[in-house]
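Within every chain, numbering begins at 1; the chains are lettered A, B, ... in the order of the sequence lines, protein sequences first and strands thereafter. Model, not experiment: these values are computed from the prediction.
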Number of protein chains: 2
Amino acid sequence: MDRPHDMTQPAPTSPKRDTPGIDAESHAEGFQKTRNARRTELCEDYVELIAELIGREGEARQVEIARRLGVAQPTVARMLKRLAEDGYIQQRPYRGVFLTPIGEALAAACHRRHEIVEGFLRALGVSDEVARHDAEGMEHHVSEETLQAFARFLDGQQDTGTR
Amino acid sequence: MDRPHDMTQPAPTSPKRDTPGIDAESHAEGFQKTRNARRTELCEDYVELIAELIGREGEARQVEIARRLGVAQPTVARMLKRLAEDGYIQQRPYRGVFLTPIGEALAAACHRRHEIVEGFLRALGVSDEVARHDAEGMEHHVSEETLQAFARFLDGQQDTGTR
DNA sequence: GATGATATATAGCCAGTGCTATGAAATCGC
DNA sequence: GCGATTTCATAGCACTGGCTATATATCATC
Ligand SMILES: [Mn+2]
Ligand SMILES: [Mn+2]
Ligand SMILES: [Mn+2]
Ligand SMILES: [Mn+2]
């Protein structure tokens, strides 16, 4: 039991009062979900950006998407192909990319969430610059329940004086 | 070639009243930072978990880390090698892994941040389960400034009656 | 309608992060 | 001490998401 070595570290294999933390399964489950979110967040940023560009510029071109994301054009090209395969967008070469109804829906949901998260941070006193940056990453890990809590807070703020 | 265009969509190149949004550079910068965060978040989870296991169980073994993270053991093995190379941990085969001072520092910072984020969500009315999960992903994208805002909110709550 | 600029496609490299299968080493129980 | 169990290491595969370099296609302009 407790002499795997007899160096420093006096084998703290005390009876192990079980979990002052969580059990391994719940712990793992949380990480699993986070890993899933990591897999989808890039798609979310893409469709949201595409919707934004279409709304503002009338079109979403590969080169502009690349510029906005700060990545190289081939990176975008490959990703767009995947998004098209997955049914989020439709590509019309030299005409830009367009959102399918599914893509639209995802973009709308992401945009709403993004707005709430960023607005929430600002309402909390975070500077615009930092709120924008933090929201960009946080948004993808904010569940609907948390989003509701953010929205509630925003509503409260609004009532009690905006600033 | 089959006329890939002159279909619907009448070239919407209206004068483009510039940016009702942000300029491309700032936009890209935000995404860049988020990508950086994505690169480090896994390390953060590892060192935090290792510190937690050492504190609670007295040791942090590969198999236990794998169980906690919900990944396979070789996945952990490779990551630990990287963490050792990067100076965060020290491996003693069949004795567990230990944190270097640098690793300790990172773990402490991550743990503090994690606690604040999760506590903040709960204070906001999010359920324990969801707070735990959302915090696991959000934490890595919360800047110090935002963390301060969270902490301020928590302090305020504490004064005005905890529940 | 030729041409130069721009936009897109494609190939191939690299690193990261997951996996399974399997072999080697250490520890534990006896 | 020895066999069984546990722990770790390693090889190899798949997929993602960066990159550069380069070829091709379209557009714009004259
Ligand atoms: Mn967004
Ligand atoms: Mn984002
Ligand atoms: Mn954490
Ligand atoms: Mn985490």
Side-chain angles (χ1 to χ4, degrees), chain A residues 1-7 9 11 13 28 31-46 49-50 53 57 59-86 89-98 140, chain B residues 1-7 9 11-13 28 31-46 50 53 57 59-86 89-98 140:
Chain A
M1 246 332 89
D2 43 303
R3 300 213 57 247
H5 30 37
D6 91 306
M7 305 194 47
Q9 300 293 104
T13 327
F31 285 118
Q32 288 277 13
K33 286 192 178 175
T34 299
R35 276 197 297 279
N36 277 2
R38 254 170 229 159
R39 271 200 1 249
T40 54
E41 58 190 320
L42 199 51
C43 295
E44 296 180 346
D45 282 337
Y46 267 83
L49 175 57
I50 288 166
L53 287 175
E57 320 271 344
E59 58 178 15
R61 297 302 196 84
Q62 262 188 37
V63 282
E64 185 59 20
I65 295 171
R67 226 186 327 264
R68 290 274 163 180
L69 292 177
V71 300
Q73 168 262 324
T75 300
V76 173
R78 198 195 319 106
M79 188 58 172
L80 291 183
K81 202 183 292 180
R82 273 234 329 270
L83 290 176
E85 275 166 13
D86 294 353
I89 65 168
Q90 193 187 347
Q91 294 196 76
R92 295 202 237 163
Y94 301 91
R95 296 281 313 283
V97 312
F98 301 87
H140 310 282
Chain B
M1 276 301 110
D2 44 306
R3 320 282 355 261
H5 37 28
D6 92 305
M7 306 192 44
Q9 299 295 107
T13 327
F31 284 117
Q32 288 276 13
K33 286 192 179 175
T34 298
R35 275 197 298 277
N36 277 4
R38 257 169 227 162
R39 272 201 358 249
T40 54
E41 58 190 319
L42 199 51
C43 296
E44 296 180 346
D45 281 337
Y46 268 83
I50 289 166
L53 286 175
E57 318 272 344
E59 58 178 16
R61 297 302 195 82
Q62 261 188 39
V63 282
E64 184 59 21
I65 295 171
R67 217 175 346 251
R68 290 273 163 180
L69 291 177
V71 300
Q73 168 263 322
T75 299
V76 173
R78 197 196 316 108
M79 188 59 173
L80 291 183
K81 203 183 292 180
R82 274 234 327 272
L83 289 176
E85 276 167 12
D86 294 354
I89 65 168
Q90 194 187 345
Q91 295 197 77
R92 294 202 239 164
Y94 301 91
R95 295 279 314 284
V97 312
F98 301 88
H140 310 282

* Side chain A/Gln32, main chain B/Gly70, donor-acceptor under 3.5 Å ->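 It does hold such a pair.
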* **Donor-acceptor contact present, side-chain B/Glu64 to main-chain B/Leu53, <3.5 Å** =>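 Absent.
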Counting side-chain heavy atoms from CB outward, which of [options] is closest to [X]?
X: B/Ala72; options: C/dT17, D/dA9, C/dC19; result: C/dC19
X: B/Leu42; options: C/dG18, D/dT10, D/dG17; result: C/dG18
X: A/Pro74; options: C/dT10, D/dT10, D/dG18; result: C/dT10

* Taking 4.0 angstrom as the limit, do B/Arg39 and B/Asp86 come out as a salt bridge? ->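 Salt bridge between B/Arg39 and B/Asp86, a charged N being under 4.0 Å from a carboxylate O: no.
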* Have a look at the helix from C/dG1-D/dC30 to C/dC30-D/dG1 and give the angle its two end axes make, five pairs each, rounded to 10 degrees. =>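 About 20°, once rounded to a multiple of 10°.
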* Asked: How do A/Val63 and B/Tyr46 order along DNA chain C: which one's closest nucleotide is nearer the 5' end?
  ->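 That would be A/Val63.
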Separation of [N] [atom2] from [X] [atom1] (nearest whole Å):
X: A/Arg39; N: C/dG18; atom1: CZ; atom2: P; value: 11 Å
X: A/Lys81; N: D/dC15; atom1: NZ; atom2: P; value: 15 Å
X: A/Arg95; N: D/dC27; atom1: CZ; atom2: C1'; value: 13 Å

Looking at the base of [N], is there any donor atom on it, or on the side chain of [X], that sits under 3.5 Å from an acceptor on the other one?
X: B/Tyr94; N: D/dT7; value: yes
X: A/Gln73; N: C/dA7; value: no
X: A/Arg78; N: D/dG18; value: yes

* Under-4.0 Å side-chain N/O to phosphate OP1/OP2 contact, A/Gln62 with C/dA9 ->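 Result: yes.
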* Qualifying side-chain hydrogen bond (donor to acceptor under 3.5 Å, both in side chains) pairs, either residue in residues 73-83 of chain B, two or more places apart ->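 Sorted result for residues 73-83 of chain B: B/Gln62-B/Gln73.
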